[in-house]
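For reference, the structure discussed in these notes is given below.
These numbers come from a predicted model, not from an experiment.
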Amino acid sequence: MTHTPGPWHVESDFIAYSVSGPPKAAGYNGCFAKEADARLIAASPDLLAALTWIRDNCTGLPAVARALADQAIEKAVGR
């Protein structure tokens, strides 16, 4: 089982994704369209914590990796 490919974005109270056209809701009222999507969303706090730790503690991290981590973290926290 695979997750719904991105890009995903927050749209009001929904998690939405684009599939060659207008965004379609991936979930509603707390119910997600796919079990894999729900697992990915449930794991997201742990993934964010791990990425933040790696960015903040790994010396010698290439600049491009640090920039990608910063972008992902900013997206996750809503900046």
Worksheet entry | Within one Ile-Leu-Val-Met-Phe-Trp-Tyr cluster: L47 and W53, side-chain cutoff 4.5 Å | no
Discussion item. Using modelled atom types and a 3.5 Å cut-off, is there a donor and acceptor pairing between side-chain atoms of S44 and backbone atoms of I41?
Written reply: yes
Worksheet, complete the sentence: Here the gap from L68 atom CG to R55 atom CZ, rounded to the nearest 0.5 Å, amounts to 12.5 Å
Worksheet item: Nearest heavy-atom pair of L61 and I54: which atoms, and what distance?
Response: CD2-O, 4.3 Å
Discussion item. To the nearest 0.5 Å, what is the distance between CZ on R66 and CG on D56?
Written reply: 7.5 Å
